[in-house]
2 protein chains.
Amino acid sequence: MSRWEPNARGRLAEAALELYRERGYEQTTVAEIAKRAGLTERTFFRHYADKREVLFSGAGELQELFVRAVAGAPESAAPIDALARGLDAVSEAFAGRRAFARARHAVITANAELRERELIKLASLSAALAETLRRRGVTEPAAGLAAEAGVAVFKIGFERWLADDGEREMAESVREALSVFRAVAAGK
Amino acid sequence: MSRWEPNARGRLAEAALELYRERGYEQTTVAEIAKRAGLTERTFFRHYADKREVLFSGAGELQELFVRAVAGAPESAAPIDALARGLDAVSEAFAGRRAFARARHAVITANAELRERELIKLASLSAALAETLRRRGVTEPAAGLAAEAGVAVFKIGFERWLADDGEREMAESVREALSVFRAVAAGK
DNA sequence: CTAGTGATGTCAGTGACTGTCATCGACCCT
DNA sequence: AGGGTCGATGACAGTCACTGACATCACTAG
């Protein structure tokens, strides 16, 4: 039998989301999160760089998934079509997680510091996508612009999916966003 | 003669940029900034909400300028063309300020917290542009997507302008970015 | 002349985050 | 079995961003 309860990291993330929902991000102290997880404040900071990061541990996997799908698109695919592959892949990854995504998103949008952190995760995603497109032979500034566009479509498709009352899949919302995006860029 | 030196706010902003350049953002304390400006730490926080904000006091004016230009575009202009008006307007506003913009941008890109703050200013700009487009009759999700696109073009055009060795005007870099953006969205 | 105003100073907090050292089960080697 | 190392955690002191409360005092309106 091990010395400590397992999955300290996960317990911290769970406790943090609970507390942020119950009393808000600012009204929650790290000491309280740690206590609920049965740990100390110092241990919290060994697992997460700061009080915000605890909500974003999944960002790395999402980025990897997106990038892999774009990198795996046919060589002949135009940048925007390669990005569409990535958008499909991440959309699938959210299937069945709408309730969780909504709860987390509500917490984030309620606080400016958390919104900032979310934006820098999206910026990191954009940078990774741009790099992937460059590796596919896309030159600047097209790679950077296409990557920003892909992220914008993801963000807005995601938000519309969360706002939707029905049972529409995220992939559908994202595809709609992409289609509208193309029309707007074409001057419609 | 007045009781205090005038322009406390401006002195704080100047002192902050100097110190952030000299020894980096993290290695600078608010007390040091205040001291260089001939004020106290408490007064710093009366003028700026936090240590980051002191670099972003111009963001409000930029947003207003952008929004006004978009709102003032001919009613018949498509969203992307209305945004192009705004891009031209803000580009003009940077004329002759490349050295300052470069120094400030170098400080910001060197620090994650400052990058976060910059991103949220751009997100605020995007939200304001989306609202402006909605007032022009553009529906969602087109308004949000077009606004994100406009901000992406601004960001990349701006960065390319800063990186450029020659004397190319910002408006030119931004127009090039917009043109490449249209091509990418069209699947080129 | 007097009361009020507004920008600043002073001071005592709270809480996020860090560096450092101690603890002690688990695991490995002999 | 015994001893040594390792890794996750705890304990504790410290720095600094940021806040609330109250004092100060040149300037100004009446």
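Values reported hereafter were calculated over all heavy atoms of this structure, with side chains retained and with hydrogens, waters and symmetry mates removed. A, B, ... follow the sequence lines: proteins, then strands. Residue 1 opens every chain.
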> Nearest-Å distance, CD (B:E26) to P (C:dC17)?
Replying inline: 12 Å
>> Applying side chain to side chain contact (heavy atoms under 4.5 Å, CB included), can you list everything that pairs with B:V184, at least two apart in sequence or on another chain?
In response: A:A142, A:A146, B:V180
> Between C:dC17 atom C1' and A:E113 atom CD, what is the distance in whole Å?
Replying inline: 13 Å
> How do B:D50 and B:W4 order along DNA chain D: which one's closest nucleotide is nearer the 5' end?
Replying inline: B:D50
>> Is the phosphate of D:dC16 approached by B:T29 (side-chain N or O, under 4.0 Å from OP1 or OP2)?
In response: no
> According to the interplanar angle, ranging from 0 to 90°, do the rings of A:F94 and A:F154 count as parallel (below 30°), tilted (30 to 60°) or perpendicular (above 60°)?
Replying inline: tilted
>> For B:R115 and B:T109, which I'm curious about, is there any donor-acceptor pair between the side chains at under 3.5 Å?
In response: no
> Please give, in whole Å, the distance from D:dC18 P to B:E32 CD?
Replying inline: 15 Å
> Counting side-chain heavy atoms from C-beta on, which of D:dA11, C:dA7, C:dG9 comes nearest to B:T40?
Replying inline: C:dG9
> For residues A:S91 and A:E169, is any side-chain donor paired with an opposing acceptor at under 3.5 Å?
Replying inline: no
>> Of the options C:dA16, C:dT8, C:dG9, whose atoms approach the side-chain atoms of A:F45 most closely?
In response: C:dA16
>> Under 4.0 Å from OP1 or OP2 of D:dT9: is there any side-chain N or O of A:H47 that close?
In response: yes
> Within 45 degrees of the axis of the six-membered ring of A:Y48 and under 6.0 Å from its centre: does A:R9 put its NZ or CZ there?
Replying inline: yes
>> Expressed as a whole number of angstroms, how long is the span from A:N7:CG to D:dT9:C1'?
In response: 15 Å
> OH of A:Y48 versus P of D:dA8: gap in Å, rounded?
Replying inline: 14 Å
>> Assuming nearest nucleotide by heavy-atom distance, tell me which of A:R46 and A:A31 is located more 5' along DNA chain C.
In response: A:A31
> Base, sugar-phosphate, or nothing: which does B:R52 touch, judged by heavy atoms less than 4.0 Å apart?
Replying inline: sugar-phosphate
> Between C:dT14 atom P and A:E41 atom CD, what is the distance in whole Å?
Replying inline: 14 Å
> To the nearest Å, how far apart are A:K51 NZ and C:dC17 P?
Replying inline: 8 Å
> Between D:dC25, C:dA16, D:dA8, which nucleotide has the shortest distance from any of its atoms to the side chain of B:R3?
Replying inline: D:dC25
> Between B:R42 (CZ) and C:dG13 (C1'), how many Å, whole number?
Replying inline: 12 Å
